[in-house]
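Structure record follows, encoded as structure tokens.
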Amino acid sequence: MQQAKASIARARRPVSFSGAGLSAESGIATFRGQGDSLWSQYDPMRLASEEGFRANPELVMDWYAARRSTLAAASPHAGHHALVQQTSWVHVTQNVDDLLERAGAPPDSVLHLHGSLLSDRCLLTCGYEQAVDLADPPGLRQCPQCAAPLRPTVVWFGEHLPEDTWTAARAAVQQCDLLLVVGTSAAVYPAAGLIELARENGAEILIANTDDAAAIDKRDVFVHGPAAKVLPQLFSGD
Ligand code: OAD
């Protein structure tokens, strides 16, 4: 912990890179690992791919409605708050929730590599997008512009990351001197490649995770523990 705090104190261009573990203690399920993780219960290709959506759009929208309801009832925890209080940091996340924003991150300041549960968009190319009320999530509905189905504005398997967001995240990571990697299995590319990109550019890597297996490189600093506890400690003045 002391080594990690010293790294943070030294950093001039710090970036955070978070995954599902960041929001786990807010009641948002992770994808891998524990027994109740999403991909241990559900087939990602049925629920998080365009192919799966085309095969059964009602099923996919019902699953997203359940995830949206869960998010509506969730609140950011002390770890989200500690992170967004670092206003000079760039925050890059794989999470499709808005808990960093609800903890106080300015709108559009968080780079959401995998999109957001907060809106739907046209499945086709007409460009229509509509905000979603998380507390009253929609089922399957048609695009008012072109009558194609609407789908969540998230990145599914086999899809490209949003180009502007990915470009901004890569640029921040290429320039950073510290990358704080919190709550991610680093299993999904290209997002996970940001860690190697930071390392190649000489940044220190600080990993905060509940799983020791997340410490993959001896050069990295590893802090074991849950995000809600560890992040406030990392940023406290003691
Ligand atoms: P994963 O579910 O793959 O990994 C969650 C990580 O968080 C694991 O390393 C856990 O050990 C760790 N963890 C769990 N609880 C924690 C806690 N309380 N504090 C700190 N760490 C904790 O989630 P991601 O790495 O985010 O993609 O998954 C990456 C992508 O895979 C997701 O964005 C999603 C998924 O398929 C898309 O939907 C495109």
Side-chain angles (χ1 to χ4, degrees), residues 1 4 16-53 60 63-64 66-68 70-71 74-83 91-100 110-118 121 151-162 165-166 169 179-196 205-217 220-235:
M1 178 57 75
S16 75
F17 174 51
S18 53
L22 172 63
S23 296
E25 291 151 278
S26 291
I28 310 291
T30 61
F31 294 94
R32 300 171 185 79
Q34 298 120 329
D36 59 351
S37 64
L38 292 174
W39 297 155
S40 64
Q41 300 176 70
Y42 305 107
D43 175 358
M45 295 317 285
R46 285 185 75 198
L47 296 168
S49 74
E50 182 172 332
E51 194 187 332
F53 180 78
V60 172
W63 186 67
Y64 276 93
R67 289 180 62 195
R68 284 167 162 162
T70 301
L71 178 56
S75 301
H77 59 60
H80 294 104
H81 285 284
L83 212 49
H91 299 295
V92 179
T93 189
Q94 298 163 92
N95 295 348
V96 293
D97 65 54
D98 61 342
L99 296 178
L100 287 171
V110 181
L111 298 173
H112 285 274
L113 295 179
H114 290 163
S116 164
L117 287 177
L118 274 68
R121 70 169 173 85
R151 54 159 283 183
T153 311
V154 297
V155 175
W156 282 335
F157 286 98
E159 296 182 331
H160 293 293
L161 305 190
T165 310
W166 179 231
L179 187 70
L180 169 58
V181 180
V182 53
T184 179
S185 60
V188 173
Y189 284 79
L194 291 175
I195 303 171
E196 199 44 48
I205 312 292
L206 177 53
I207 298 188
N209 201 297
T210 47
D211 182 359
D212 291 339
I216 41 169
D217 191 303
D220 302 344
V221 178
F222 180 69
V223 179
H224 178 100
K229 182 173 165 211
V230 160
L231 292 175
Q233 287 175 347
L234 281 175
F235 294 112

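This is a predicted model, so every value here is computed, not measured. In each ligand, atom 1 is the first atom listed, and ligand 1 is the first ligand listed.
With a 4.5 Å cut-off on side-chain heavy atoms, V230 and V182 do not count as touching. For the pair P152/R68, a side-chain contact is recorded, criterion being any heavy-atom separation below 4.5 Å from C-beta on.
Considering backbone and side-chain atoms alike, G19 places every N or O at 3.5 Å or more from each N or O of ligand 1. Considering backbone and side-chain N/O atoms, A214 never comes within less than 3.5 Å of an N/O atom of ligand 1. Between V182 and ligand 1, not a single N/O pair is under 3.5 Å apart.
Among V188, N209, T210, L47, the residue whose heavy atom lies closest to atom 30 (C) of ligand 1 is V188. Evaluated by nearest non-hydrogen atom to atom 31 (O) of ligand 1, the leading choice among E25, R32, Q94 is R32. For the residues A191, S40, G183, the heavy atom positioned nearest atom 5 (C) of ligand 1 is part of G183.
Taking a cut-off of under 4.0 Å to the non-hydrogen atoms of A20, the atoms of ligand 1 that pass are 23 (O), 24 (P), 26 (O). Against a heavy-atom cut-off of under 4.0 Å, V155 is close to the following atoms of ligand 1: 37 (C), 38 (O), 39 (C). For ligand 1, the atoms sitting less than 4.0 Å from at least one non-hydrogen atom of T184 are 6 (C), 7 (O), 9 (O), 24 (P), 25 (O), numbered in the order shown with element in parentheses. Every atom of ligand 1 is numbered from 1 in the order shown, and the set under 4.0 Å from a heavy atom of A24 is 15 (N). Proximity to T30 (heavy-atom distance under 4.0 Å) selects the following atoms of ligand 1: 2 (O). Less than 4.0 angstrom separates some heavy atom of A227 from each of these atoms of ligand 1: 17 (C), 18 (N), 19 (N), 20 (C). Near F157, meaning under 4.0 Å from one of its heavy atoms, ligand 1 places the atoms 36 (O).
Remark: side-chain polar atoms of D211 are paired, donor with acceptor, to backbone N or O of A213 under 3.5 angstrom. Q94 places no side-chain N or O within donor-acceptor distance of the main-chain N or O of H112, the cut-off being under 3.5 Å.
By the neighbour-count criterion of 12 heavy atoms within 6.0 Å, atom CZ of R121 is densely surrounded, having more than that number from other residues, nucleotides or ligands. E196 CD: more than 12 foreign heavy atoms inside a 6.0 Å radius.
Both tests hold for R151 against W156: distance to the six-membered ring centre under 6.0 Å, angle to the ring axis within 45°.
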Could you walk me through whether S40 and S37 pass side chain to side chain donor-acceptor pair (under 3.5 Å), step by step? CA-CA 6 Å; S40 64; S37 64; 3.1 Å; yes
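For the residue pair H80 / S75, no side-chain donor-acceptor distance below 3.5 Å is found, with atom types taken as modelled.
Under a 4.0 angstrom heavy-atom cut-off, W156 registers as lying outside contact with ligand 1.
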